[in-house]
K.L.:
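Handing you this structure, nothing more for now.
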Amino acid sequence: MLKSLSAIAVIFCGASLAWMILGATIAARTAGSDSNQTERLASQWGSSQVQSAPQIDVIGTRVSVPIRSSRINVHLDLEQRRKGLLWYNLYNVSFVAHYLICNDTSNPHLTVQFFLPTSDGSYADLTYLIGGRRIDNATALDQGKVRFDLQSGRETTIDVGSRSRGMNSWLYRFSNRVEVESVNDFALTMTTNFHAIDFPVQMLLPVTEQSLGQGWRLQWKYSTLVTGNGIGMAIPYPLQPGPLAQRITFWAPVALLFYLFVMLLLTTMRGIRLHPVNYFFLACAFFAFHLLFAYLVDRIPLEAAFAISSLVSIFLTVSYLRLVAGWRFAAVESGLAQFIYLILFSYALFNEGWSGLTITIGAIITLFVAMQLTAHVTWSERLVEGV
């Protein structure tokens with residue numbers, strides 16, 4: 001048995017090295033694919049959008065005219081697309097804003113600066129109005145400023161509207177400047193066609209949330225507000241095939257260690273002699289799961305790749321061990337051990353938040369069962385027997 005332990009240790013070290021190489025390969029493939037696809041999709045859809053409120057200033061001074069009231073409607077229509085080993089969150093956005101301003105200065109000559117969310121985006125139905133008068137888009141985009149007159153103490157409205165596309169997140173800022181802003185009579189309503197929502201850091205949470213079928217109706221409403229934060233939506237990604245395959249691969253040596261440990265106990269308890277070469281082939285069948293999964297996952301759906309890889313690995317093990325130790329041991333003891341420590345272990349890594357706890361609980365249960373089953377084994381005799 002001492003020779004078997006030494007051989008298993010060598011096999012484990014060799015398999016661990018193979019998994020490290022495979023994991024590094026998956027990481028490189030994922031990073032390379034992400035770099036190419038992100039650049040390509042950004043050129044087609046645009047990047048993450050940051051929409052800022054218009055800036056109204058008095059001509060020839062540094063005095064700004066505040067926005068008295070804001071009524072904004074945003075609709076996000078998600079279109080997730082998978083490219084190779086990664087999913088990408090693309091969306092269509094409809095933005096309509098109605099602002100009310102009052103010239104509380106003595107100068108009637110003002111400018112309004114409109115800010116586009118990104119410089120590399122495309123905008124359909126782009127509309128700017130001042131006091132209900134439509135502003136020519138070319139004029140509005142000429143250095144981003146439009147001149148207009150508003151008598152002291154008078155009010156007028158500013159309207160902004162557009163349809164565009166973006167990726168990953170959409171943000172709204174109360175100002176284009178990075179500083180604390182004072183906001184009055186503000187209401188922003190956001191509707192989505194997706195339920196999986198999240199909010200970026202340093203962003204205000206919605207005041208009300210209402211589920212609408214497949215999406216949400218979210219509202220930010222304040223009578224007065226002083227803040228340096230904004231409003232935004234970060235769209236959570238679905239389970240990413242590339243990072244998942246990488247995570248499962250890097251955890252594989254731990255799974256193999258449990259599997260070989262249990263197999264050694266089972267063969268010792270059953271009096272079955274397995275040669276180190278037999279353990280080598282078992283480790284290869286174990287490795288076949290991760291190798292096949294790594295190259296299937298970017299071709300077919302994630303669940304199908306996992307199922308096919310699992311069946312292939314179990315078939316390799318059972319069909320081999322039936323010739324070595326018989327059908328019962330191959331299908332029951334070995335098959336169950338592989339199902340637990342390869343399939344269930346890998347499946348636990350689908351949920352990254354719970355994977356560590358799940359694996360820890362599995363390890364403790366394995367230790368408990370092994371201690372109970374081997375409590376009466378005279379190890380000094382078994383180690384010398386060479387079983």
Side-chain angles (χ1 to χ4, degrees), residues 13-49 78-91 118 120 165-170 194 196-198 200-201 233-257 283-313 341-359:
C13 292
S16 298
L17 178 60
W19 272 308
M20 294 303 103
I21 295 173
L22 179 61
T25 301
I26 297 172
R29 289 170 54 210
T30 302
S33 173
D34 186 36
S35 177
N36 293 332
Q37 296 299 338
T38 299
E39 184 177 350
R40 180 180 301 177
L41 289 172
S43 65
Q44 296 173 342
W45 284 78
S47 54
S48 299
Q49 292 197 0
L78 178 63
E79 291 191 24
Q80 289 178 325
R81 293 189 181 183
R82 177 177 168 177
K83 299 288 185 179
L85 292 168
L86 293 171
W87 283 96
Y88 294 89
N89 287 334
L90 311 176
Y91 61 81
T118 61
D120 59 355
R165 291 173 168 178
M167 183 165 55
N168 298 334
S169 64
W170 185 90
F194 52 92
I197 60 174
D198 196 9
V201 295
M233 174 64 65
I235 306 165
Y237 286 93
L239 191 60
Q240 296 283 33
L244 174 63
Q246 181 181 339
R247 189 162 64 247
I248 290 176
T249 300
F250 281 133
W251 275 91
V254 180
L256 179 64
L257 181 63
C284 288
F286 213 83
F287 181 76
F289 166 85
H290 302 87
L291 185 62
L292 184 60
F293 183 69
Y295 287 95
L296 276 180
V297 76
D298 63 342
R299 302 294 179 182
I300 62 177
L302 180 63
E303 294 77 10
F306 187 84
I308 292 173
S309 302
S310 302
L311 292 174
V312 168
S313 181
Y341 297 107
L342 175 61
I343 311 307
L344 293 186
F345 187 99
S346 299
Y347 187 73
L349 295 169
F350 273 58
N351 190 329
E352 190 173 6
W354 288 91
S355 57
L357 178 61
T358 303
I359 292 170

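From a predicted model like this one, the values you see are computed outputs, not experimental measurements.
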K.L.:
Test your reading of the model: is there a side-chain donor-acceptor pair from Gln240 to the backbone of Trp87, 3.5 Å cut-off?
P.N.:
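Flag set: sc Gln240 to bb Trp87 pair under 3.5 Å.
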
K.L.:
Look up atom CD1 in Ile308 and atom CZ in Phe289, then write down how far apart they are to the nearest 0.5 Å.
P.N.:
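Going from CD1 on Ile308 over to CZ on Phe289, the span is 11.5 Å.
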
K.L.:
Is there a donor-acceptor pair under 3.5 Å between the side chain of Thr118 and the backbone N or O of Gln49?
P.N.:
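No.
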
K.L.:
Write down the atom of Leu256, the atom of Ala15, and the distance for their closest heavy-atom approach.
P.N.:
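Leu256 and Ala15 have their closest heavy atoms at CD2-CB, 3.6 Å.
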
K.L.:
Of all heavy-atom pairs between Pro236 and Asp198, which one has the smallest distance, and what is that distance?
P.N.:
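Heavy-atom minimum between the residues: CG-CB, 3.7 Å.
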
K.L.:
Between Ser169 and Met233 (side chain of the first, backbone of the second, donor and acceptor by atom type, cut-off under 3.5 Å), is there such a pair?
P.N.:
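Absent.
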
K.L.:
How far does CG of Leu344 sit from OG1 of Thr358, to the nearest 0.5 angstrom?
P.N.:
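Interatomic distance, Leu344 CG to Thr358 OG1, rounded to 0.5 Å: 10.5 Å.
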
K.L.:
What distance separates Trp19 CH2 from Leu291 CG, expressed to the nearest 0.5 Å?
P.N.:
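Trp19 atom CH2 to Leu291 atom CG measures 11.0 Å (nearest 0.5 Å).
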
K.L.:
So, for Tyr91 and Phe194, is the gap between ring centers shorter than 6.0 Å?
P.N.:
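Between Phe194 and Tyr91, which both carry aromatic rings, the centre distance is not below 6.0 Å.
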
K.L.:
Evaluate Thr25 against Tyr295 for side-chain contact (heavy atoms from CB on, under 4.5 Å), listing each step before the verdict.
P.N.:
CA-CA 11 Å; Thr25 301; Tyr295 287 95; 3.7 Å; yes

K.L.:
For Arg29 and Ala294, indicate whether the former's side chain and the latter's backbone hold a donor-acceptor pair under 3.5 Å.
P.N.:
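Looks like yes, one N/O pair under 3.5 Å.
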
K.L.:
Taking all non-hydrogen atoms of both residues, which atom of Leu85 and which atom of Pro243 are closest, and how far apart?
P.N.:
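Looks like O-CD, 4.1 Å.
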
K.L.:
Would you name the heavy atoms of Gly23 and Gln246 that are closest together and state the gap between them?
P.N.:
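So the two residues come closest at O-CG, 4.0 Å.
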
K.L.:
Return yes if a side-chain donor-acceptor contact under 3.5 Å exists between Asn168 and Tyr237, otherwise no.
P.N.:
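On atom types as modelled, these side chains qualify, holding a pair under 3.5 Å.
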
K.L.:
How close do Ser16 and Pro253 get, counting heavy atoms only, and between which atoms?
P.N.:
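Minimum heavy-atom separation between Ser16 and Pro253: OG-CB, 3.5 Å.
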
K.L.:
Hey, could you give me the CZ/CG distance between Arg81 and Asn89, rounded to the nearest 0.5 Å?
P.N.:
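The distance works out to 12.5 Å.
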
K.L.:
Can you tell me how far the CG atom of Leu302 sits from the CZ atom of Phe293, to the nearest 0.5 Å?
P.N.:
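It comes to 5.0 Å.
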
K.L.:
I need the Leu22 CG to Leu17 CG distance, nearest 0.5 Å.
P.N.:
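Going from CG on Leu22 over to CG on Leu17, the span is 11.5 Å.
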
K.L.:
Main chain of Phe306, side chain of Ser310: is a donor-acceptor contact present, judged purely on distance under 3.5 Å?
P.N.:
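Pair found, side chain donor or acceptor close to backbone of Phe306.
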
